[in-house]
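Read the structure below first, then the notes.
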Amino acid sequence: DAPCRASGRLARNGVLLADNAAEIVALLVAEQGKPTWQAEFEVAAAVQWLEATASLQIPVEVVEDTPAHRVETRHVPLGVVGGISPWNFPVLLSVWKIGPALVAGNTLVLKPSPLTPLTVLRLGQLFAAVVPTGVLNVITGGDALGPLMTGHPGFDKISFTGSTRTGRAVMRSAAERLTRITLELGGNDAAIVFPDVDVKAVAQQLFWSAFTNSGQICVATKRAYVHDAIYDAFLAELREIAAQVPMAPGKEPGAMLGPVQNAAQFARISALVEEARLSGLGVIEAGSAPDGPGYFVPVTLVDNPPDDSRIVQEEQFGPVLPVMRFTGEDEVIDRANACEYGLAGTVWTNDEARALRVAARLETGTVWINEALALSPFAVFGGHKQSGMGRENGLSGLLEYTNSQTVTIRRAAEAG
Ligand code: NAD
């Protein structure tokens, strides 16, 4: 009965969020910097996730059921969960924790990034209308708060979304008490474009896969491998799109891309681009940034840099994309996999057999074929390698907020 009540409350939270979407969108644009259309998309996705998670059922698995013996496995709540979320999608990625934590019957202490606390505080306020006091708690503070949470004995689980570096610190801290953890970490997703595609159409899709939210998406395309036969035409197309897409402060009508969210990230991306330029790589400033204040980085393409350059090896998390030539299928798979991350990747081709063959060999938790950023609340999501451990979304993601409990009953033989 308790999970049913929690699901009902969660579904009502979805309605509350939808009813207050305009206010949350405005706050999100103001604090995160993203353009209004992208903030609307994020809030709509959060509503969809709340509804979808509320509809999931936690199963009871009956392993054996005879007159003499019954074995069943249930899933019981963990207790108190700590959620730690990043600044790129503060609303959606917080909802990814609120939903399953509550449906599974836990209480949650949620800590947004110190760089984007306001939308999540407001969510907490809104949801307080339907969630009992103490069940959903939003706390904010500076850099010291995360480690205080992960070291606190009161937490039964920490669900963390953020960088791989911080993820390692969370894991070290959790090791002390064997606190359960889910780690959703960084990515350096490769896109592989075969020569049989419609160059114009795929360049358009790949552009938005790389540059939506100004590249600040864990599953953004962060490296593009384009077949030699179409490379020049493809790069020219990307340049043309970049020249046409307006970058402006998020609240400006018509803004399609916004600034980078914070000073540290701006400095990091600027330094990566500067280093590429100083090493003589083909840095193309393809877009333009508005005059005036703001952490604007124009859309930048790097023309065929070597695989061992920093711009290819590291997660840039900004509007800068290295584009590389390839010729062979085996070669490009090896190059895509030669990376410490394994979050997601995309394959673009009209040859479905080839796409599936390549997908099977990519070392990533998600592979999208002829589409990108196509996440679903019902599909398991999570990283291979250094992109994380544990899963979010779908039933597997929900069960991460539970402990399994197997109960066996030996029954007395019936009097005969
Ligand atoms: P971050 O690791 O700097 O911070 C994430 C959160 O952790 C913040 O709330 C921060 O305050 C907190 N934190 C910082 N130090 C901590 C510590 N020692 N212990 C506990 N918590 C601590 O990440 P970010 O810069 O906010 O986000 C960008 C990164 O997140 C990128 O690498 C991106 O790929 C990744 N990300 C991953 C996913 C995913 O689902 N895999 C989704 C979004 C973002």
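As the structure lists them, so they are numbered: ligands from 1, and atoms in each ligand from 1.
Shortest contact from atom 7 (O) of ligand 1 to any protein heavy atom: F160 CE1, 3.1 Å. What sits closest to atom 27 (O) of ligand 1 on the protein, heavy atoms only, is P86 CB, 3.4 Å. In terms of protein heavy-atom proximity, atom 24 (P) of ligand 1 is nearest to W87 NE1, 3.3 Å. Protein heavy atom at the shortest distance from atom 42 (C) of ligand 1 is C218 SG, 3.0 Å. Looking only at heavy atoms of the protein, atom 13 (N) of ligand 1 is closest to T166 CG2, 3.6 Å. Considering only non-hydrogen protein atoms, atom 37 (C) of ligand 1 sits nearest to L185 O, 3.0 Å. Looking at atom 21 (N) of ligand 1, its nearest protein heavy atom turns out to be G146 CA, 3.4 Å. Closest to atom 23 (O) of ligand 1, if we only count protein heavy atoms, is S163 N, 3.3 Å.
Counting heavy atoms closer than 4.0 Å to ligand 1, residue E315 contributes side-chain atoms (C-beta onward) but none from N, CA, C or O. In L115, neither the side chain nor the backbone holds a heavy atom less than 4.0 Å from any atom of ligand 1. With a 4.0 Å heavy-atom cut-off, ligand 1 is reached by the side chain of L343 but not by its N, CA, C or O. With a 4.0 Å heavy-atom cut-off, ligand 1 is reached by the side chain of V170 but not by its N, CA, C or O. Contacts of F317 with ligand 1, taken as heavy-atom pairs under 4.0 Å, involve the side chain alone.
Test D308, D330, D307 against R335 for salt bridge (Lys or Arg N to Asp or Glu O under 4.0 Å) and you get one pass: D307.
A salt bridge is absent between R74 and E61: the closest approach of a Lys/Arg side-chain nitrogen to an acidic carboxylate oxygen does not fall below 4.0 angstrom. For E275 and R310, the salt-bridge test passes: some basic side-chain N is under 4.0 Å from an acidic carboxylate O. R325 has a carboxylate O that lies under 4.0 Å from a charged side-chain N of D232, or vice versa, which qualifies the two as a salt bridge.
Listed by number with element, the atoms of ligand 1 under 4.0 angstrom from any heavy atom of L93 are 42 (C), 43 (C). Per-residue contacts place T161 under 4.0 angstrom from the following atoms of ligand 1 (heavy atoms of the residue considered): 5 (C), 37 (C), 38 (C), 39 (C), 40 (O), 42 (C), 43 (C). Each of the following atoms of ligand 1 lies closer than 4.0 Å to a heavy atom of S85: 6 (C), 8 (C), 9 (O). Those atoms of ligand 1 with a heavy atom of F381 less than 4.0 angstrom away are 40 (O). Every atom of ligand 1 is numbered from 1 in the order shown, and the set under 4.0 Å from a heavy atom of P114 is 11 (O).
The aromatic rings of H152 and F155 sit perpendicular, their planes meeting at an angle over 60°, well past the 30° parallel limit.
Remark: the backbone N or O of G105 is not paired with any side-chain donor or acceptor of Y401 at under 3.5 angstrom. Looking only at distances, a side-chain donor or acceptor of N137 sits under 3.5 Å from a matching main-chain atom of L108. One N or O on the side chain of Q265 and one on the backbone of Q316 form a donor-acceptor pair closer than 3.5 Å. Q216 places a side-chain N or O within donor-acceptor distance of the main-chain N or O of N213, the cut-off being under 3.5 Å.
Residue-ligand proximity: W96 is placed with every non-hydrogen atom at 4.0 Å or more from ligand 1. Assignment of P147 to the shell around ligand 1 is supported, since a heavy atom sits closer than 4.0 Å.
The option with the heavy atom closest to atom 44 (C) of ligand 1, from among N262, N88, I84, is N88.
Annotation: F194 is in aromatic contact with F326 [ring centroid separation under 6.0 Å].
Taking the centre and axis of the six-membered ring of F160, the NZ or CZ atom of K111 falls outside the cone set by 45° and 6.0 Å.
Of all non-hydrogen atoms in C218 and L185, the two that sit nearest each other are CB-O, 4.3 Å. Of all non-hydrogen atoms in G162 and P86, the two that sit nearest each other are CA-CB, 4.4 Å.
For atom 4 (O) of ligand 1, no protein heavy-atom neighbour is found at a distance under 4.0 Å.
Between G162 and ligand 1, an N or O atom pair is found at a separation short of 3.5 Å.
Note that the CE atom of M256 and the OG1 atom of T212 stand 8.5 Å from one another [nearest 0.5 Å].
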